[in-house]
Amino acid sequence: MKQARFAGDQKVGKSILHGPETRFKLWAVPKILPTVETWHLTLMTLVWSLVNVLVGLFARGHLWLLWIVSLMIVLQYLTDLFDGELGRQRNTGLIKWGFYMDHFLDYVFLCSLVFVGYMISPPGLGVWYFLLMVVLGGFMVNSFLSFAATNEFEIYHYGVGPTETRVVFILINTYIIFHGTGQFHVLLPLVVLTCLAALVFNTYQIQRKLWRLDMAAKGRS
């Protein structure tokens, strides 16, 4: 039996910023130096994550350091945006390696952001950060399990994807810099519960789609 083509490099759906984002990377990637390879860009997420961790160690009394975290989010966005397109334009052929490393390092970067949040927070919120990490990780698990079942890699939901999520993180950093962390006891549980509700809804949508596929296959057989 012929094996289905690996489709991890072909994302299903579009985000709100898909149009300008696509035009930007098609303009920028040809200008990247020939000595820079796709795997260099992918592995740079390790550097951005390490910087976040180091900033987190000192940011509690110096919230202005969160501007550095926001800069790391922008740099991680750029290297993440360019690495796949660079591989396609130069026919690097690292489709499966890129899929694996790119998304594993996305998780590492996400952990570094949650670590920064935990380090700057008032005492007593540790359990909420644990729950936040569980819920955010659940979105990634959902995407990968759905991809394994359908060979369709979907990371955009109702026009929201990784780019829009990064914008939210930058806005949160900006709010914290100007207003501090005094409202975290209210805001953090609200964020966790909102994300949990979105995860439950997303899981329901995915299982309903897979149910329909199974029933259709059963009907054909």
Side-chain angles (χ1 to χ4, degrees), residues 15 17 21 24-25 28-29 31-33 35-87 92 94 97-123 125-126 128-141 143 155 160-184 187-188 191-192 195:
S15 70
L17 298 173
E21 191 174 67
F24 173 57
K25 69 180 179 182
V29 168
K31 296 175 172 57
I32 295 176
L33 295 174
T35 53
V36 177
E37 298 288 355
T38 178
W39 58 85
H40 296 149
L41 298 176
T42 300
L43 293 175
M44 285 303 296
T45 295
L46 286 172
V47 178
W48 315 142
S49 301
L50 178 60
V51 172
N52 283 341
V53 171
L54 293 175
V55 168
L57 295 175
F58 302 99
R60 175 166 292 180
H62 309 280
L63 293 180
W64 62 269
L65 289 172
L66 294 182
W67 290 123
I68 299 177
V69 176
S70 292
L71 176 61
M72 293 304 103
I73 294 173
V74 173
L75 292 176
Q76 199 271 339
Y77 162 72
L78 293 175
T79 54
D80 189 47
L81 179 67
F82 293 159
D83 61 356
E85 184 61 30
L86 185 67
T92 305
L94 294 174
W97 182 92
F99 175 84
Y100 174 79
M101 288 301 298
D102 189 27
H103 294 100
F104 176 74
L105 292 177
D106 283 344
Y107 176 72
V108 171
F109 188 75
L110 176 64
C111 289
S112 75
L113 294 177
V114 175
F115 174 79
V116 172
Y118 173 75
M119 293 301 292
I120 66 174
S121 288
L125 293 175
W128 287 105
Y129 277 100
F130 169 76
L131 293 173
L132 179 63
M133 199 66 250
V134 170
V135 172
L136 295 180
F139 281 102
M140 301 187 77
V141 170
S143 293
I155 58 175
V160 177
T163 301
E164 290 74 18
T165 303
R166 291 183 180 100
V167 172
V168 171
F169 273 115
I170 292 174
L171 292 176
I172 290 173
N173 282 345
T174 305
Y175 174 87
I176 295 171
I177 290 168
F178 288 105
H179 299 284
T181 60
Q183 301 298 318
F184 267 32
L187 295 178
L188 181 59
V191 168
V192 172
C195 290

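Note that these values count all heavy atoms, side chains included, but never hydrogens, waters or copies made by symmetry.
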Spacing of CG belonging to L105 relative to CH2 belonging to W48, to within rounding of 0.5 Å | 12.5 Å
Flag for T42-D83: side-chain donor and acceptor within less than 3.5 Å = yes
Shortest non-hydrogen pair, L136 vs C195, comes out as CD2-SG, 4.4 Å
Full working for ring pair (Phe, Tyr, Trp, His ring centres under 6.0 Å) between F99 and H103 | CA-CA 6 Å; F99 175 84; H103 294 100; 4.8 Å; yes
Sole candidate of L66, V47, V69 that passes side-chain contact (heavy atoms from CB on, under 4.5 Å) when paired with N52 | V69
Side chains of D80 and R166 in contact at under 4.5 Å (non-hydrogen atoms) | yes
Donor-acceptor pair between Y77 and T163 side chains, under 3.5 angstrom = no
Just how far is it from atom CH2 of W39 to atom CG of L86, taken to the nearest 0.5 Å?
-> 9.5 Å
Could you grab the distance from atom CZ of F109 to atom OG1 of T79, nearest 0.5 Å is fine?
-> 8.5 Å
Heavy-atom check, side chain of Q76 versus side chain of M44, under 4.5 Å | no
How about Y175 and Q183: does a side-chain donor come under 3.5 Å of a side-chain acceptor?
-> no
Is there side-chain contact between I170 and V74, with heavy atoms separated by less than 4.5 Å?
-> yes
Under 4.5 Å between any side-chain heavy atoms of F169 and L110, yes or no?
-> yes
Distance col, row L50:CG vs M72:CE, nearest 0.5 angstrom, shows 10.5 Å
Correct closest heavy-atom pair for S112 and S49 would be CB-O, 3.6 Å
Are any non-hydrogen side-chain atoms of S121 and T181 less than 4.5 angstrom apart?
-> no
From M140 atom CE to D106 atom CG, the distance as rounded to the nearest 0.5 Å = 5.5 Å
I155 side chain reached by P162 side chain, heavy atoms, under 4.5 Å | yes
Step by step, work out the ring pair (Phe, Tyr, Trp, His ring centres under 6.0 Å) result for F24 and F82.
-> CA-CA 10 Å; F24 173 57; F82 293 159; 5.6 Å; yes
Are I73 and N173 side-chain neighbours, meaning at least one heavy-atom pair lies under 4.5 Å?
-> yes
Run the numbers on F130 and V192 for side-chain contact (heavy atoms from CB on, under 4.5 Å), then give the verdict.
-> CA-CA 10 Å; F130 169 76; V192 172; over 6 Å; no
Nearest 0.5 Å, what's the CD1-CG distance between I68 and L65?
-> 5.0 Å
Can you see which heavy atom on G56 is nearest to which on M119, and at what distance?
-> O-CB, 3.2 Å
Donor-acceptor contact below 3.5 Å, side chain Y118 vs main chain Y129 = no
Determine whether L75 and V51 make a side-chain contact, defined as any pair of heavy atoms from C-beta on separated by less than 4.5 Å.
-> no
Under 6.0 Å from the OH atom of Y107, do we count more than 12 heavy atoms belonging to anything else shown?
-> no
Exceeds 12 heavy-atom contacts within 6.0 angstrom, atom NE2 of H62 = no
Looking only at heavy atoms, the pair that brings M133 and V114 closest together is SD-CG2, 3.8 Å
